[in-house]
**Q** 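Pasting in a structure now, in structure tokens, and then I'll have a few things to ask.
A, B, ... follow the sequence lines: proteins, then strands. Residue 1 opens every chain.
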Amino acid sequence: MELFSIQVKNIIKQIPVGKVATYGQIASMAGNYRAARQVVRLLHSSSQKDNLPWHRVINKKGEISLPPGCGFEEQKHLLQQEGVIFGKKNRINLERFLWQPVD
DNA sequence: AACCTGACTTCGG
DNA sequence: TCCGAAGCCAGGT
């Protein structure tokens with residue numbers, strides 16, 4: 001397993017409740033700003049296995065990437081439980097909910 | 001090793 | 001903001 005993949009998983013685990021992160025952002029923090037797609041693979045491969053908060057990962061438009069009936073409902077529900085607000089088009093206000101670690 | 005795939009992103013119009 | 005096209009990456013076959 002590449003170090004990058006390890007990092008991605010660690011980072012996702014650090015996303016605080018009530019916040020969200022984009023694929024690209026995570027990839028960037030893990031070392032490869034272009035590996036957004038790889039982040040997706042990781043979620044597929046070990047989100048369940050490693051107990052990762054996969055629902056806190058969304059695309060850059062601030063919306064859920066999952067197609068309806070394939071996890072979309074669940075993800076939206078989980079986020080709402082954590083206090084994340086959705087707009088008219090199921091969009092999240094990134095200015096307000098995007099995870100911005102200070103470090 | 002080549003080829004395919006995916007919950008992406010950026011750019012131009 | 002929306003649409004299409006082109007990039008980009010690691011894993012699995």
Side-chain angles (χ1 to χ4, degrees):
Chain A
M1 180 83 73
E2 293 273 326
L3 169 62
F4 169 74
S5 302
I6 307 293
Q7 296 286 45
V8 171
K9 291 200 280 186
N10 289 328
I11 292 174
I12 293 180
K13 287 180 189 168
Q14 295 171 47
I15 302 177
V17 175
K19 290 288 184 178
V20 297
T22 67
Y23 304 91
Q25 173 186 12
I26 294 174
S28 179
M29 298 199 291
N32 300 326
Y33 71 99
R34 300 171 232 189
R37 315 202 63 161
Q38 186 51 30
V39 174
V40 171
R41 295 200 77 67
L42 280 239
L43 289 179
H44 267 277
S45 68
S46 27
S47 60
Q48 180 122 62
K49 184 167 70 65
D50 290 279
N51 251 330
L52 303 180
W54 58 275
H55 55 281
R56 306 214 185 104
V57 187
I58 61 179
N59 61 36
K60 207 163 192 198
K61 287 176 291 187
E63 54 186 15
I64 293 175
S65 297
L66 290 168
C70 198
F72 176 88
E73 299 291 341
E74 185 182 347
Q75 177 164 23
K76 181 177 178 182
H77 183 245
L78 287 170
L79 288 176
Q80 292 183 315
Q81 282 193 317
E82 300 186 345
V84 177
I85 308 300
F86 284 78
K88 292 279 178 147
K89 308 257 175 171
N90 285 314
R91 277 188 232 144
I92 297 172
N93 183 331
L94 293 181
E95 295 290 304
R96 183 171 161 187
F97 298 106
L98 181 63
W99 177 37
Q100 295 168 27
V102 278
D103 276 64

**Q** Tell me whether the count of non-hydrogen atoms from other residues, nucleotides or ligands lying under 6.0 Å of NZ in Lys60(A) goes above 12.
**A** no
**Q** Looking only at non-hydrogen atoms, find the nearest pair between Tyr23(A) and Val39(A) and report the distance.
**A** O-CG2, 3.7 Å
**Q** Expressed as a whole number of angstroms, how long is the span from Tyr33(A):OH to dC8(B):P?
**A** 19 Å
**Q** When Val57(A) is tested against each of Leu42(A), Leu43(A), Leu52(A) for side chain to side chain contact (heavy atoms under 4.5 Å, CB included), which residue passes?
**A** Leu43(A)
**Q** Check the distance between dC2(C)'s P and Lys60(A)'s NZ and give it to me in whole angstrom.
**A** 16 Å
**Q** Check DNA chain B against residues 12-31 of chain A and give the residues with a non-hydrogen atom under 4.0 Å, in numerical order.
**A** Thr22(A), Tyr23(A), Gly24(A)
**Q** Starting from C1' on dG6(B), measure out to CD1 on Ile58(A) and report it in whole angstrom.
**A** 18 Å
**Q** Could you tell me whether a side-chain N or O of Asn93(A) sits under 3.5 Å from a main-chain N or O of Glu95(A), the two making a donor and an acceptor?
**A** yes
**Q** Find the distance Leu94(A):CG to dC8(B):C1' and express it as a whole number of Å.
**A** 14 Å
**Q** Give every pair of a protein N or O atom and an N or O atom of nucleotides 11-13 of chain B that lie under 3.5 Å apart, one pair per line with the distance.
**A**
none

**Q** Spell out, as yes or no, whether a donor-acceptor pair under 3.5 Å connects the side chain of Glu63(A) to the backbone of Asn59(A).
**A** no
**Q** Please encode protein proximity along nucleotides 8-13 of chain C as a string of B, S and -, counting only heavy-atom distances under 4.0 Å.
**A** BBBS--
